[in-house]
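One structure below.
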Amino acid sequence: MDLMWVKTNSFIKWLFPKYIWDIKNKENKIYLTFDDGPIPEITEWVLDVLKNEDIKATFFCIGDNIKKNPSIFKRIISEGHSVGNHTFNHLKGWNFSTEEYLENTYLCEEAIEFNSKISDKKTKLFRPPYGKIKLSQSRKLRKLGYKIIMWDVLSVDYDQKVMPEECLENIIKNTVSGSIIACHDSIKAFKNLEYALPKAIKHLKEKGFVFEKID
């Protein structure tokens, strides 16, 4: 496993300073995030774990999945977690025009607003699928009030070549105060997530970290 990929390199953060890679603080706060849901059973399992551990997280949701699973999306909100936009169809920004990408983002935002009461938020959260986004797309979204949320630690739970134990190591060995940790509540990630998430939370709590959602 290439640690330069698991742990975002400081040069990348310097090169793209308008993206949020971590959130510096003196309270040992860290930020657990989940991409690609809501998915039946999987997102619900994640929510059960978070509820049992009494921690909040941030879910970057695909609009089509919100549309298909509105009750799970509403549960995310009702249990006090933050939600963000992950486009309607999980688009890789590099493969689409700025106009197409923004239109897909709008569709996701409509799904979020239709199924929640958070449309009046001044700042909206956005994570580009695959972390791939053109500068023109980023500029437009930021002008619309979005924060582009990337990550400091990538669990790589979605990679079928990564073993569950390695996924756990990716999280616990690279997390520091302020880290934004990227996980996935998706079908292909679940084998690794089911093993790693409870153990990672337990370990990080023992280390004195405090879990917070991103606002």
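Here, residue 1 is the first one in the sequence, and each next residue gets the next number.
Residues I148 and P128 meet the side-chain proximity criterion, which asks for heavy atoms closer than 4.5 Å.
Listed for the D185 side chain is a donor-acceptor partner under 3.5 Å among the backbone atoms of G37. K7 contributes a side-chain N or O that, together with a main-chain N or O of N174, makes up a donor-acceptor pair within less than 3.5 Å. Judged by distance alone, the side chain of S179 and the main-chain N or O of T175 form no donor-acceptor pair under 3.5 Å. Side-chain atoms of N104 never come within 3.5 Å of backbone atoms of E100 as a donor-acceptor pair (strictly under, hydrogens ignored). N192 places a side-chain N or O within donor-acceptor distance of the main-chain N or O of V162, the cut-off being under 3.5 Å.
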With ring-ring contact (aromatic ring centres under 6.0 Å, His included) as the test, would you mind laying out the steps for W151 and Y31 before giving the verdict?
CA-CA 9 Å; W151 56 81; Y31 303 84; over 10 Å; no
Evaluate ring-ring contact (aromatic ring centres under 6.0 Å, His included) for H81 paired with F34, printing each intermediate quantity in order.
CA-CA 11 Å; H81 304 287; F34 298 91; 8.5 Å; no
In sequence, state the C-alpha distance, the side-chain angles, and the governing distance for R75 and D48, and then conclude on salt bridge (charged side-chain N to carboxylate O under 4.0 Å, His left out).
CA-CA 11 Å; R75 181 183 166 189; D48 287 343; 2.6 Å; yes
For the pair F96 and Y101, evaluate ring-ring contact (aromatic ring centres under 6.0 Å, His included) and give the outcome as yes or no after the intermediate values.
CA-CA 6 Å; F96 294 87; Y101 195 72; 7.5 Å; no
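Looking at D152 and K13, a side-chain N of the basic residue comes within less than 4.0 Å of a carboxylate O on the acidic one, giving a salt bridge.
To the nearest 0.5 Å, atom CD1 of residue I149 and atom CG of residue D22 are 10.5 Å apart.
For residues 189-204, the set of pairs meeting the salt bridge (charged side-chain N to carboxylate O under 4.0 Å, His left out) definition, not counting sequence neighbours, comprises K202-E206.
The number of heavy-atom neighbours closer than 6.0 Å to CD1 of I12, taken from other residues, nucleotides and ligands shown, is above 12.
Counting only N and O atoms by type, the side chains of T33 and T58 include no donor and acceptor under 3.5 Å apart. No side-chain donor from either of N89 and D64 sits under 3.5 Å from a side-chain acceptor of the other.
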